[in-house]
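The next block holds one structure in the form of structure tokens; read it before the comments.
Just so it is clear, the values below take in all heavy atoms, side chains as well, and ignore hydrogens, waters and symmetry mates. On a predicted model such as this, the values are computed, not experimentally measured, just so you know. Each ligand, and each atom within it, is numbered from 1 in the order the structure gives.
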Amino acid sequence: VPLDRIRNFSIIAHIDHGKSTLADRLIQRTGGLSDREMSAQVLDNMDIEKERGITIKAQTVRLDYKARDGKDYVLNLMDTPGHVDFAYEVSRSLAACEGALLVVDAAQGVEAQTLANVYQSIEHDHEIVPVINKIDLPAAEPDKVKKEIEDIIGLPADDAVLASAKSGIGIDEVLEAIVQRIPAPKGDRTAPLKAMLVDSWYDPYLGVVILVRVVEGVLKKGQQIMFMQHGTQHLVDRVACMRPKLEQLGELAAGEIGIITAQIKEVSQTRVGDTITDAKKPTAEALPGFKEVQPVVFCGLFPVDAADFEKLRESLYKLRLNDASFSFEAESSAALGFGFRCGFLGLLHLEIIQERLTREYDLDLITTAPSVVYKLSLSHSKYEDAKVIELHNPADMPDPNRIEMIEEPWIEATIYVPDEYLGSLLKLCQDRRGIQKNLTYVGGRAQITYELPLNEVVFDFYDRLKSISRGYASFDYHQIGHREGDLVKMSIMVNGEPVDALSMIVHRAAAEARGRHMCERLKDLIPRHMFKIPVQAAIGGKVIARETIAAMRKDVTAKCYGGDATRKRKLLEKQKEGKKRMREYGNVNIPQEAFIAALRMG
Ligand code: GTP
């Protein structure tokens, strides 16, 4: 395909503004799928994605389009996920395109993620075509939304395309705008091969599949290629594109996007952002790589039934084949037994993995409270020099006497909220140690920028935000580095013994309230024993909150006083069985359910 007949674009949008629906419509209009095949949203191919309507993996589809100028064009559409947790995938797809369709809901207007995505797109020098979608809705206000696009984003919106992906209005206009306004790719096809590894995933039939954007030269079947980062070589055995069904091609030339397979066994052998070149005639200079993604939220996953440990390991391994962005390593806890410490890109990512384990792999799991990554500066000890360590698990907190400084990750959050909820929203941010940076009004809504410790956001910030604003607030964030904080490890002790699975790192000012809350809950969750049980929250040996579980009044067997011996024995046996499902702490049996309930609320 000649360069001037190619257009590479992505669709960026806030969640639910209609990105997938529009993508499906474009596929349908250009003849990629029959009506029957259209029945399901084709770009979202995972079960959970469908149910939640969230696009997880970026996908690319090649469309053939005969434009009004009578010429045939090849349009490569890259789908991008909308949620903040997957921002890094958006960035990757954008790097492979020359332009983007900016989809904005005609009734909702510009939202936090619209903005975040547009900024990324601008950073990649994209031509951005605004598309105002859902104009079929009675509440649609296209002119107001145009003004928002101009005022908030600063993009001219006069020639924004008005569309309804659902009713099929404006689809041809969208296609024409892609051809006329998005620039064709550039690239020397006679130069040595230089291609960007945009994404890779495991397919049960094809093995590891690699999504590439060829920047210079030509990529062919039968070619010996080299991944420049580690110098590893592979033989290309398939060059193809998705329409969205797989179609084999002979080659991909500069400017084109497609997929290849090269008999690679594991996704871990491929590095997203790597440069692919010809092993025999390598390019002189690699492309600038992408920033590697690091998990930011960690939690423990434990099987409720200890016998499921191996099954959990296998399931995690399988999930990782297609998602290199989450990490796991074995962990053991006195309270919860053997499990895994897992790292995620954010809370939604955590939830998705957890849900897939439960649903697709049929596992019953306990999730410990999520924690962020702290940086600890330690003074030297008898055995070790001073050093800085990363802490992913409150249970691994080193000797407090050696800690000179704890730093926690901070984020900058952008929030859009209708006026009437502004007060409660500011209070929420303030309560979470937020620092207000900016507040402006745009058409009945406030745009607020806050700096917040991530630690205060991972628990239930998003849920609170949504409930305070009746679902109307939108939120987006990015990390802005670590800052020193007055942070302490709070331990929970039952009958004088610390319960590791319940310990957490909190800000000193919030510790007492958190500790009291936890003790009160545990008091209701732990059954009575023959003796009084103190439940305490403590910071480094100093008790900051305390509750007492009263002793049981009578022996259980007292009921059977004078009764026959078999009945008494049966009762004792029953008690023993119950005990198996409990864990012992300082002679106190804590049922598993108590842990789960205590951890659920974080
Ligand atoms: P994520 O994949 O979660 O990022 O969402 P998305 O932006 O892909 O949105 P999606 O296409 O799933 O659409 C969200 C909802 O809006 C769905 O219920 C669609 O049926 C609906 N929708 C999409 N386009 C239109 C439209 O033009 N008009 C109306 N009325 N509804 C639409």
Side-chain angles (χ1 to χ4, degrees), residues 9-29 32-33 35 38-61 77-94 100-118 120-121 128-142 144-146 149 160-175 177 244 345-349 351-352 355 416 462 466 471-472 474-476:
F9 69 102
S10 18
I11 308 184
I12 54 182
H14 188 75
I15 283 180
D16 273 350
H17 282 197
K19 177 166 45 72
S20 307
T21 314
L22 179 64
D24 292 353
R25 229 7 123 170
L26 296 176
I27 295 167
Q28 188 188 30
R29 186 62 56 94
L33 287 176
D35 286 349
M38 274 299 297
S39 62
Q41 282 202 357
V42 285
L43 284 184
D44 294 345
N45 59 10
M46 278 188 261
D47 255 10
I48 293 180
E49 274 188 68
K50 237 177 249 165
E51 259 175 52
R52 299 185 168 224
I54 293 165
T55 312
I56 298 172
K57 234 178 163 68
Q59 303 260 12
T60 301
V61 182
L77 182 173
M78 302 194 89
D79 197 15
T80 52
H83 194 275
V84 283
D85 283 3
F86 303 101
Y88 79 105
E89 287 201 358
V90 177
S91 161
R92 271 151 45 180
S93 317
L94 296 183
L101 298 179
L102 167 65
V103 176
V104 183
D105 187 318
Q108 304 283 321
V110 172
E111 298 280 0
Q113 274 149 245
T114 320
L115 209 62
N117 288 336
V118 168
Q120 285 204 32
S121 187
I128 300 169
V129 178
V131 176
I132 299 176
N133 188 35
K134 306 199 188 181
I135 56 158
D136 60 298
L137 289 177
E141 292 181 278
K144 188 175 159 207
V145 173
K146 270 190 193 173
I149 294 176
V161 182
L162 301 186
S164 165
K166 198 166 164 186
S167 343
I169 303 168
I171 305 305
D172 289 334
E173 284 69 25
V174 172
L175 288 164
L345 298 174
L347 279 183
L348 178 77
H349 190 209
E351 238 179 87
I352 286 173
E355 201 164 313
Y416 279 86
Y462 194 64
K466 284 287 173 193
Y472 283 117
S474 68
F475 166 73
D476 191 70

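For ligand 1, the atoms lying closer than 4.0 Å to a non-hydrogen atom of L137 are 30 (N). Near S20, meaning under 4.0 Å from one of its heavy atoms, ligand 1 places the atoms 2 (O), 6 (P), 8 (O), 11 (O). Heavy-atom contacts of H14 reach the following atoms of ligand 1: 7 (O) (cutoff under 4.0 Å). Listed by atom number, the atoms of ligand 1 under 4.0 Å from S164 heavy atoms are 26 (C), 27 (O), 28 (N). Remark: ligand 1 atoms within the under-4.0 Å shell around heavy atoms of H17 are 7 (O). The atoms of ligand 1 that sit less than 4.0 Å from any heavy atom of N133 are 24 (N), 25 (C), 27 (O).
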Practice item. Go through the steps for I171 and L22 under the test side-chain contact (heavy atoms from CB on, under 4.5 Å), then give the verdict. Key: CA-CA 8 Å; I171 305 305; L22 179 64; 3.8 Å; yes
Exercise for review: Could you go through the side-chain contact (heavy atoms from CB on, under 4.5 Å) check for I128 and I149 one step at a time?
Suggested key: CA-CA 11 Å; I128 300 169; I149 294 176; over 6 Å; no
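Between the side chain of H17 and the backbone N or O of A13 there is no donor-acceptor pair closer than 3.5 Å. With D105 contributing its side chain and K134 its backbone, the two residues share no donor-acceptor pair below 3.5 Å. The backbone N or O of A112 sits less than 3.5 Å from a side-chain atom of S474, completing a donor-acceptor pair.
The two atoms that bring R25 and K166 nearest to each other are NH2-O, 2.6 Å, heavy atoms only.
Every N/O-N/O distance between A13 and ligand 1 stays at or above 3.5 Å. Looking at ligand 1, you'll find an N or O of T21 within less than 3.5 Å of one of its N or O atoms. Ligand 1 has an N or O atom lying under 3.5 Å from an N or O atom of G18, backbone or side chain.
In this structure the side chain of V118 never reaches within 4.5 angstrom of the side chain of V110, judged on heavy atoms.
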